[in-house]
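Presented below is the structure to which this report refers.
Note that the structure is predicted; figures quoted are calculated from it, not measured.
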Amino acid sequence: SSTMSFSEAEVQSARGAWEKIYVDAEDNGTTVLVRMFTEHPDTKSYFAHFKGMDSAEEMKQSDQVRGHGKRVFTAINDMVQHLDNSEAFLGIVNPLGKKHATQLKIDPKNFRIICDIILQLMEEKFGGDCKASFEKVTNEICTHLNNVYKEAGW
């Protein structure tokens, strides 16, 4: 469904959890991508300029990886700011999903992979409560992206 059901308390605790990791958006975004590329090497195939990079160290230094990591975190940040407004939330998720489905042809399972790595990083850095506060957000993001993919005939 297109309506989101976050209580005011859930919104506040999700935002609090997200703020901790978003403070270092570029570094944390880079860490998430490098982990994804390292643990799921097939995901690199979508990024022509990352394909040749095998070492995590090389990826961490790459301006392209860092730039994309920051873009991913910025997009999630925009969504987090609109958890209490499903119209605005979908206004961010829908075009993003459509672009990844139709232009970039990214397998939607990769969104779940990225979200799981973000949750893992939150838990490592800030503990289980932080992760728990953000889990529902990642589920919403993935659910809505999957819906967009279905509509795009994926």
Side-chain angles (χ1 to χ4, degrees), residues 6 10-83 88-150 152 154:
F6 284 94
E10 284 173 326
V11 169
Q12 293 313 323
S13 87
R15 283 185 182 150
W18 175 250
E19 269 163 30
K20 291 179 180 170
I21 201 162
Y22 188 64
V23 169
D24 296 308
E26 189 174 315
D27 280 342
N28 287 325
T30 301
T31 298
V32 167
L33 283 188
V34 170
R35 237 179 238 192
M36 178 175 79
F37 293 148
T38 310
E39 293 169 11
H40 306 269
D42 57 305
T43 57
K44 275 199 298 187
S45 65
Y46 294 107
F47 296 92
H49 42 279
F50 304 168
K51 261 188 228 165
M53 295 182 199
D54 290 323
S55 82
E57 213 32 65
E58 198 183 348
M59 291 179 215
K60 275 192 193 99
Q61 305 301 326
S62 155
D63 287 341
Q64 276 125 333
V65 175
R66 298 189 70 79
H68 197 73
K70 190 168 187 194
R71 269 201 301 284
V72 168
F73 266 49
T74 302
I76 295 172
N77 189 58
D78 291 342
M79 294 173 202
V80 169
Q81 301 318 314
H82 296 103
L83 293 175
F89 179 89
L90 292 172
I92 298 157
V93 172
N94 289 344
L96 187 90
K98 201 163 273 173
K99 182 181 180 187
H100 282 74
T102 57
Q103 284 178 291
L104 305 170
K105 307 218 187 307
I106 307 281
D107 189 316
K109 76 173 194 302
N110 293 321
F111 297 120
R112 187 70 259 173
I113 292 172
I114 281 198
C115 283
D116 287 344
I117 295 170
I118 289 172
L119 291 173
Q120 187 188 16
L121 191 62
M122 282 180 152
E123 186 166 32
E124 285 166 22
K125 290 190 166 220
F126 311 110
D129 287 351
C130 182
K131 176 191 171 184
S133 300
F134 205 67
E135 247 164 333
K136 188 171 175 182
V137 175
T138 62
N139 292 339
E140 282 291 333
I141 292 172
C142 289
T143 299
H144 287 293
L145 285 169
N146 283 327
N147 290 345
V148 174
Y149 268 71
K150 282 191 196 102
W154 189 267

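Proximity of Val72 to Val32: side-chain heavy atoms (C-beta onward) are nowhere separated by under 4.5 Å. Gln81 is listed as a side-chain neighbour of Asn77, based on a closest heavy-atom distance under 4.5 Å. Counting heavy atoms from C-beta outward, His144 and Asn147 have side chains that approach closer than 4.5 Å.
For Tyr149 and Phe111, the ring centers are positioned less than 6.0 Å apart.
Here CD of Glu26 is found 4.5 Å from CZ of Arg66. Values are rounded to the nearest 0.5 Å. How far CD1 of Ile114 is from CE of Met36: 4.0 Å, rounded to the nearest 0.5 Å. To the nearest 0.5 Å, atoms CG (Leu33) and NZ (Lys70) are separated by 14.0 Å. Expressed to the nearest 0.5 Å, how far CG of Asn94 lies from NZ of Lys99 amounts to 15.0 Å. Rounded to the nearest 0.5 Å, atoms CD (Gln12) and OG (Ser133) are 11.5 Å apart. Between Lys125 atom NZ and Lys20 atom NZ the span is 12.5 Å, to the nearest 0.5 Å.
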Subject >> Full working for side-chain contact (heavy atoms from CB on, under 4.5 Å) between Phe6 and Glu140 >> reply: CA-CA 10 Å; Phe6 284 94; Glu140 282 291 333; 3.4 Å; yes
**OP:** Show your working on side-chain contact (heavy atoms from CB on, under 4.5 Å) between Leu145 and Ile141 and close with a plain yes or no.
**Re:** CA-CA 6 Å; Leu145 285 169; Ile141 292 172; 3.7 Å; yes
Original post:
Can Phe50 and Val65 be said to form a side-chain contact (heavy atoms from CB on, under 4.5 Å), step by step?
Top reply: CA-CA 7 Å; Phe50 304 168; Val65 175; 3.7 Å; yes
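When every heavy atom of His82 is checked against every heavy atom of Arg15, the shortest pair comes out as N-NH2, 4.1 Å. Minimum heavy-atom separation, Trp154 to Pro108: NE1-CD, 3.1 Å. Shown here for Val93 and Met79, the closest heavy-atom pair between the two residues is CG2-SD, 3.8 Å. Taking every heavy atom of both residues into account, Ala75 and Ile92 meet most closely at O-CG2, 4.2 Å. Between Tyr46 and Leu104 the shortest heavy-atom distance is CD2-O, 4.4 Å. The two residues Met122 and Cys130 come nearest to each other via the heavy atoms CB-SG, 4.1 Å.
Checked options Ile21, Asn139, Leu119; the residue passing with Phe134 is Leu119 (criterion: side chain to side chain contact (heavy atoms under 4.5 Å, CB included)).
Look at Arg35 and Glu124 and you find a salt bridge, because one of the NZ, NE, NH1 or NH2 atoms lies within 4.0 Å of a carboxylate O, short of that distance. Between Lys109 and Asp42 a salt bridge is recorded (basic side-chain N to carboxylate O distance below 4.0 Å).
Within 6.0 Å of NZ on Lys98 lie no more than 12 heavy atoms contributed by other residues, nucleotides or ligands. Taking a 6.0 Å sphere around CG of Asp129, one finds it holds 12 or fewer heavy atoms contributed by other residues, nucleotides or ligands.
Although no hydrogens or angles enter the test, the distance criterion places a donor-acceptor pair under 3.5 Å between the side chain of Lys105 and the main chain of Thr102. Between the side chain of Lys136 and the backbone N or O of Ala14, no donor-acceptor pair lies under 3.5 Å.
Between Asp116 and Gln120, the side chains place no donor N or O within less than 3.5 Å of an acceptor N or O (distance only, hydrogens not considered). Thr138 and Arg112 share a donor-acceptor pair across their side chains, judged by distance under 3.5 Å alone.
Between Tyr22 and Phe73, the ring-plane angle classifies as parallel under the 30° and 60° cut-offs. Between Phe47 and His68, the angle of the ring planes goes over 60°, which puts this pair in the perpendicular group of the 30/60° scheme.
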